[in-house]
Amino acid sequence: QVQLVESGGGSVQAGGSLRLSCAASGNAYMRHCMGWFRQPPGKEREAVAAIYTYNQRGPPLYADSIKGRFTISQDNAKSTVYLEMNNLQPEDTAMYYCAAAEYCLRWPDARSFQSWGQGTQVTVSS
């Protein structure tokens, strides 16, 4: 099993920045791919970014809506994945979830991620 704990959410004004963290533990094989998803109020969950945490099998993956503003990174020594979010906009308001998968091959399909954190709220005011 994999355990994921997110932190770093909060409230910011438009144009501000936040860094989300996801501390992972458990079966390392099942978290070779780590991703961030978000669910805006009243909307369906959507993919944000993903990263290969083992063997650098490819570059980080990003949703078009956040390219150039968000950056996903990892600290393998801490088993932690980060999401640096800059120039936040009101439409970025959502619950952000960290997720883990064996592979990133099916990203952005959330169904390919087997483990999920509890989420951290990000609220951006105009």
Side-chain angles (χ1 to χ4, degrees):
Q1 285 190 340
V2 174
Q3 294 77 42
L4 304 172
V5 179
E6 304 100 330
S7 61
S11 297
V12 297
Q13 291 190 329
S17 299
L18 284 172
R19 188 177 79 159
L20 306 182
S21 299
C22 174
S25 60
N27 189 329
Y29 184 76
M30 296 303 295
R31 47 187 172 95
H32 281 178
C33 177
M34 297 289 292
W36 287 98
F37 293 78
R38 67 185 183 184
Q39 187 165 15
K43 297 184 179 180
E44 294 191 353
R45 183 173 50 190
E46 59 187 29
V48 176
I51 189 168
Y52 294 89
T53 61
Y54 175 76
N55 207 25
Q56 298 298 314
R57 293 182 179 180
L61 304 166
Y62 295 100
D64 288 341
S65 60
I66 56 86
K67 278 183 180 178
R69 298 190 298 124
F70 292 10
T71 302
I72 190 170
S73 62
Q74 61 176 321
D75 183 337
N76 281 340
K78 297 181 179 179
S79 296
T80 300
V81 173
Y82 304 98
L83 185 68
E84 183 77 33
M85 306 184 294
N86 297 315
N87 191 22
L88 283 161
Q89 300 299 314
E91 54 266 33
D92 296 316
T93 294
M95 183 70 79
Y96 283 72
Y97 297 92
C98 176
E102 185 176 346
Y103 305 106
C104 287
L105 292 176
R106 292 176 57 195
W107 191 89
D109 186 351
R111 295 171 297 180
S112 66
F113 286 76
Q114 296 84 24
S115 302
W116 293 80
Q118 293 298 309
T120 185
Q121 178 67 39
V122 172
T123 302
V124 185
S125 58
S126 57

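Everything quoted here is computed from the prediction, not taken from an experiment.
Residues Val2 and Val81 are members of one and the same hydrophobic cluster, defined by side-chain heavy-atom contacts under 4.5 angstrom among Ile, Leu, Val, Met, Phe, Trp and Tyr. Note on Leu20 and Leu4: same hydrophobic cluster, where clusters join Ile, Leu, Val, Met, Phe, Trp and Tyr whose side-chain heavy atoms are under 4.5 Å apart, directly or indirectly. Cluster membership for Val5 and Leu18, using ILVMFWY side-chain heavy atoms within less than 4.5 angstrom, is not shared. Side-chain heavy atoms closer than 4.5 Å link hydrophobic residues (I, L, V, M, F, W, Y) into clusters, and following such links, even through other members, never connects Met34 to Tyr54. Residues Trp107 and Tyr97 are members of one and the same hydrophobic cluster, defined by side-chain heavy-atom contacts under 4.5 angstrom among Ile, Leu, Val, Met, Phe, Trp and Tyr.
Distance check: Ser21 OG to Asp75 CG gives 10.0 Å after rounding to the nearest 0.5 Å. Rounding to the nearest 0.5 Å gives a distance of 13.0 Å between CZ of Arg31 and CD of Gln114. Gln89 CD to Arg69 CZ: the interatomic distance, rounded to the nearest 0.5 Å, is 6.0 Å. Rounded to the nearest 0.5 Å, atoms CD (Glu84) and CD1 (Ile72) are 12.0 Å apart. Atom OG1 of Thr53 is separated from atom CG of Asn76 by 6.0 Å, given to the nearest 0.5 angstrom. To the nearest 0.5 Å, the span separating OG on Ser112 from CG on Leu105 amounts to 8.5 Å.
For the pair Thr80 and Ala23, the tightest heavy-atom approach, listed with the atom from each and the gap, is OG1-CA, 4.0 Å. In terms of heavy atoms, Ala110 sits closest to Trp116 at O-CZ2, 3.5 Å. Considering every non-hydrogen atom in both Pro41 and Ala94, the closest pair reads CD-CA, 4.5 Å. Nearest approach of Ala47 to Ala63, heavy atoms of both residues: O-CB, 3.4 Å. Nearest heavy atom pair, residue Gly119 against residue Met95, reads C-SD, 3.7 Å. The shortest non-hydrogen separation linking Glu44 to Gln39 is C-CG, 4.0 Å.
Checking side-chain atoms of Glu6 against main-chain N and O of Gln118 turns up a donor-acceptor pair under 3.5 Å. For Thr120 (side chain) and Gly9 (main-chain N/O), a donor-acceptor pair under 3.5 Å exists by modelled atom type.
Arg38 and Tyr96 are linked by a side-chain donor-acceptor pair at a separation below 3.5 angstrom, with hydrogens and angles left out of the test. Inspection of the Ser25 and Gln3 side chains reveals an N or O donor paired with an N or O acceptor under 3.5 Å. Judged purely by distance below 3.5 Å, without hydrogens or angles, the side chains of Tyr29 and Glu102 pair a donor atom with an acceptor atom.
Proximity of Ser73 to Tyr82: side-chain heavy atoms (C-beta onward) are separated by under 4.5 Å at one or more points. Counting heavy atoms from C-beta on, the side chains of Phe70 and Asn86 never come closer than 4.5 Å. Looking at Met85 and Trp36, their side chains never come closer than 4.5 Å, going by heavy atoms from C-beta outward. By the 4.5 Å heavy-atom criterion applied to side chains, Leu83 and Val48 are counted as neighbours.
Here the two rings, on Phe37 and Phe113, have centers that are under 6.0 Å apart.
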Check: Between Ile51 and Cys33, does a side-chain contact (heavy atoms from CB on, under 4.5 Å) hold up when you go through it step by step?
Finding: CA-CA 6 Å; Ile51 189 168; Cys33 177; over 6 Å; no

